Colleague: 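Mind having a look at this structure? Questions to follow.
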Amino acid sequence: MLRPPALLRDRRVPAAVLLVLLTLLYVLAYLDEPAMPGNDTPEGWWGWWDQGHYLASARGFAEGDLLSARHWYPMGYALLGAPFARWLPDHPFFPVNLAALLVTGLAFLGFAGRVGVGAWTAAALFLGSAAADSLLLRCWTVPWNTSPASAALWVLLMLAAGHMAGRRMPLAIGAVAALVGLFRPSDMLPALIILAGVALHEAWARRALPWRTVAGVAAGGLVVAAAGLGLHLVVHGAGPSPYMQWSGKVGLSFHAFGWKAFTLLVAPQPWWGDGQGLMARYPWVGLALILLPFAVTRGAVLAVLAAAMLAHLAFYTAYVDLLPTGLWRYLNLHYFKWMMPGFALLAWVGLVQAVRWRGGWALPAASAAILLVLSVRIMPAAARGEAAWRGLQVAGPVPGMAESYFDMSVVHRDAAGELRNVLDMRLWPVPQGVRVLALRRDFVPPVEGLAAGAVPLVSRVSLGWPCWLPGRPGVCVRLGGR
C-alpha cells in the first residue's frame with residue numbers, strides 16, 4: 001500500500017498550511033471589506049455602535065484615560081487593541097483578530113486530534129467552516145469581542161480534552177475560562193459547561209470528587225477574575241457598567257422559544273420577509289444536529305462540546321435583541337462563529353460513526369427523531385378568533401428603519417399591558433407596510449389604536465420537507481400571513 005510522504009504525515013505541516021491560508025484569506029478579506037476605514041468611507045466601521053466603542057476604549061487605555069464614559073463594553077478586547085492604538089490608529093484590532101483566528105484554528109486542530117480526527121481533515125473542516133464563506137470570514141475581520149472569546153473557548157476545549165485524556169492542567173483551564181468572561185461575559189455559559197464536563201468526567205473516572213482539580217481551576221480562574229474585577233472597580237466603581245445595565249434591561253425571554261428558534265435557524269422569511277435560516281446557509285449545522293447521537297459515541301469530550309454549543313445556541317436564541325434580521329444585516333452571526341467549526345466537526349465525526357455503526361436501532365431512531373423536529377414548520381397565518389396573537393400586519397406606507405426597527409418610542413397597549421418596541425416587540429418594514437412581531441409575550445386583544453385593516457397573525461405548526469434543505473418549497477422563502 002502506498003503511504004504519503006513523511007512530511008505530509010507530520011501533524012505540524014497541516015497546521016502550518018492552515019495558518020498560512022487563514023492569514024492570506026484574512027488579510028485579503030480585511031483589505032476588501034467595504035466597511036474597513038478608508039474604503040467606502042473614511043470612518044468605516046468606527047461609525048458603528050459596537051466598533052466605535054471598542055476603538056474609544058482601546059484609545060482610552062493607550063492614553064491612560066480610565067473614565068467610565070470611554071469604556072462601554074467589557075474591557076478585555078480593548079486591552080488587547082490598546083498596544084496597537086498608536087502604531088495602527090485606524091486598525092488597532094487588525095493584529096488582534098488575526099491572532100485570535102490563528103489561535104482558534106490551532107486549538108481546533110488540537111481538540112480534533114484528541115477525538116481521532118486526522119490533522120489534514122481537521123484543517124479542511126476548520127477552513128471550510130470558518131473562512132470559506134464570506135460572511136463567516138467577515139465575522140473575523142470586523143472588530144468584535146467574540147474573536148478573542150472564540151479563541152479562548154477553543155483553547156479551553158483543547159485543554160479540557162487533554163485533561164480528560166490524562167494531561168491535567170487545572171490552573172491553565174481555570175485561567176482560560178476566566179479570560180472568556182474578561183472578553184465577553186455573555187459567553188461564560190459554554191465555558192462553565194466545559195468546566196462542569198471536566199469535573200464530572202474526572203469524578204466518574206475516579207469515583208470521587210476531584211477536589212485537587214477543582215482547587216486548581218478555581219485558583220487559575222480567580223487570578224484572572226481578580227484582575228478583571230480590579231480594572232472594573234477602577235473604571236466603573238462598585239456598580240454595574242452602562243453596558244451591564246443595558247444588557248440586563250434587554251435580557252432573555254424563553255417565551256415562544258420554538259418560534260424564535262425556527263426563525264433564526266430554519267426560515268425567517270415567512271415572518272420577516274428577510275434573511276435566511278442559519279441551517280439553510282450552513283447545512284452542516286443541521287447535519288451535526290441529526291448525527292449528534294452518533295458523534296458523541298466517539299468520546300465524552302465530544303458530548304461536552306455538544307452540550308456547550310447547544311447551551312450557547314439556546315442562550316442567544318432567548319436573547320430578545322437577537323433577531324434573524326440582525327443576524328445577517330448587522331452580522332450578529334458573529335455570536336455563533338466559535339460554534340461553526342464545532343458543528344462541522346460533529347457532522348464529520350457523526351457521519352463516520354454512522355457509517356461504521358453496527359449496533360441496534362436506538363441511535364438511528366434518535367437521529368430520525370431529530371430530523372423530524374427539524375422538519376417542523378411554524379408559519380404565520382391570519383388569526384381566526386385566537387385569544388393571543390404572535391404579531392400584526394399593518395398596511396400603509398413603508399417606514400424607514402429609524403421610524404420602525406429602531407424607534408424605542410413606539411408602544412402598543414393591549415389587554416395585558418404594554419409592549420415596547422425593541423424591548424418587548426419589534427417593528428419591521430415590509431412591502432405592505434410594517435410587520436409587528438411580539439417577542440417577550442403575545443399580543444392579547446384588543447390592541448388599542450390598531451389601524452383599520454391590520455391583520456393579526458398567529459402561528460400554524462405543520463410538518464413538511466425541511467425548510468433548511470435544498471428543494472425547500474416557496475412558502476419557506478416568502479412573506480406569509482398576508
Side-chain angles (χ1 to χ4, degrees), residues 35-37 43-100 103 139-153 175-189 191 221-251 316 319 321-322 326 330-332 334-335 337-338 406 408 422-423:
M36 187 192 81
E43 187 178 34
W45 55 47
W46 301 133
W48 302 355
W49 174 265
D50 291 5
Q51 287 65 31
H53 281 90
Y54 295 149
L55 182 64
S57 185
R59 289 178 174 175
F61 283 125
E63 298 162 6
D65 185 350
L66 299 180
L67 290 177
S68 179
R70 292 289 295 270
H71 306 284
W72 169 270
Y73 281 109
M75 294 171 283
Y77 186 44
L79 281 172
L80 295 180
F84 307 101
R86 295 185 185 276
W87 176 42
L88 297 168
D90 287 332
H91 307 279
F93 296 104
F94 171 84
V96 175
N97 285 4
L98 174 58
V103 169
C139 291
W140 291 97
T141 56
V142 176
W144 267 300
N145 59 10
T146 48
S147 293
S150 297
L153 282 167
V176 173
L179 277 176
V180 175
L182 195 62
F183 296 135
R184 190 172 172 84
S186 56
D187 286 1
M188 274 303 295
L189 178 59
L222 284 173
V223 171
V224 175
L229 178 60
L231 182 61
H232 179 93
L233 291 173
V234 170
V235 174
H236 299 295
S241 68
Y243 169 76
M244 294 166 67
Q245 295 176 26
W246 169 250
S247 294
K249 190 176 182 181
V250 175
Y316 277 105
Y319 183 47
D321 201 37
L322 177 60
Y330 303 113
L331 218 57
N332 293 151
H334 75 95
Y335 292 174
K337 69 187 182 191
W338 79 269
F406 294 113
M408 296 187 67
V422 178
L423 298 178

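Quick caveat: nothing in here was measured; it's all calculated off a predicted structure.
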Colleague: If you define the side chain from C-beta out and look only at heavy atoms, does anything of W45 sit under 4.5 Å from P143?
Modeller: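 Yes, side chains in contact.
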Colleague: Output the distance between atom CG (L182) and atom NE2 (H232), rounded to the nearest 0.5 Å.
Modeller: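 Answer for the CG-NE2 pair, L182 versus H232, is 12.0 Å.
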Colleague: Can you measure from OG (S247) to CG (D321) and round to the nearest 0.5 angstrom?
Modeller: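 Separation between the atoms: 9.0 Å.
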Colleague: Which heavy atom of M188 sits nearest to which heavy atom of G181, and what is that distance?
Modeller: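 That would be SD-N, 3.3 Å.
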Colleague: Can the ring centroids of W49 and W72 be said to lie less than 6.0 angstrom from one another?
Modeller: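 Yes, ring centres under 6.0 Å apart.
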Colleague: Taking side-chain contact (heavy atoms from CB on, under 4.5 Å) as the criterion, tell me which of Y316, Y319, Y335 meets it with S186.
Modeller: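 The residue from Y316, Y319, Y335 that satisfies side-chain contact (heavy atoms from CB on, under 4.5 Å) with S186 turns out to be Y316.
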Colleague: Could you give the side-chain donor-acceptor pairs of residues 237-245 under 3.5 Å, partners two or more places apart or in another chain?
Modeller:
unit_1 : atom_1 : unit_2 : atom_2 : d
S241   : OG     : M244   : N      : 3.2
Q245   : NE2    : P240   : O      : 3.3

Colleague: Does any part of the side chain of M408, heavy atoms only, come nearer than 4.5 Å to the side chain of L423, both counted from C-beta?
Modeller: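 Yes - at least one pair of side-chain heavy atoms lies under 4.5 Å apart.
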Colleague: What closest approach, in Å, do A151 and V103 show between heavy atoms, and which atom pair accounts for it?
Modeller: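 Residues A151 and V103, closest heavy atoms: CB-CG1, 4.0 Å.
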Colleague: Step by step, would you call K337 with S147 a side-chain contact (heavy atoms from CB on, under 4.5 Å)?
Modeller: CA-CA 8 Å; K337 69 187 182 191; S147 293; 2.7 Å; yes
Colleague: Roughly how far, to the nearest 0.5 Å, is the CZ atom of R70 from the CG atom of L55?
Modeller: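 Between L55 CG and R70 CZ, I get 8.5 Å after rounding to 0.5 Å.
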Colleague: Which atoms form the tightest heavy-atom contact between N97 and V142, and what is the distance?
Modeller: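 In terms of heavy atoms, the two residues are closest at ND2-O, 3.4 Å.
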Colleague: If you take all heavy atoms of N332 and L322, which pair is closest and at what distance?
Modeller: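 Distance-wise, the nearest heavy atoms are CB-CD1, 3.6 Å.
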Colleague: Taking all non-hydrogen atoms of both residues, which atom of S68 and which atom of H236 are closest, and how far apart?
Modeller: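 For S68 versus H236, the nearest heavy atoms are OG-ND1, 2.7 Å.
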Colleague: Might you work through the side-chain contact (heavy atoms from CB on, under 4.5 Å) test for L231 and L79, ending with a clear yes or no?
Modeller: CA-CA 11 Å; L231 182 61; L79 281 172; 3.6 Å; yes
Colleague: Report all side-chain donor-acceptor pairs from residues 80-94 shorter than 3.5 Å, counting only partners two or more places apart or in another chain.
Modeller:
unit_1 : atom_1 : unit_2 : atom_2 : d
R86    : NH2    : A62    : O      : 3.0
H91    : ND1    : Y30    : OH     : 2.7

Colleague: Are Q51 and E43 close enough that some pair of their side-chain heavy atoms sits under 4.5 Å apart?
Modeller: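 They are not in side-chain contact.
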Colleague: List the atom of P37, the atom of W46, and the distance in Å for their closest heavy-atom pair.
Modeller: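 Smallest heavy-atom distance, with atoms named: CG-NE1, 3.2 Å.
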Colleague: Quick check for you: to the nearest 0.5 Å, what is the distance between Y73 atom OH and D50 atom CG?
Modeller: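 The OH atom of Y73 sits 3.0 Å away from the CG atom of D50.
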Colleague: For A178, give me all partners under side chain to side chain contact (heavy atoms under 4.5 Å, CB included), at least two apart in sequence or on another chain.
Modeller: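 Per chain and number, A178 pairs via side chain to side chain contact (heavy atoms under 4.5 Å, CB included) with V224.
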Colleague: What is the ring orientation for Y77 with Y54, classed by angle as parallel under 30°, tilted 30 to 60°, or perpendicular over 60°?
Modeller: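 Ring orientation, 0 to 90° scale: perpendicular.
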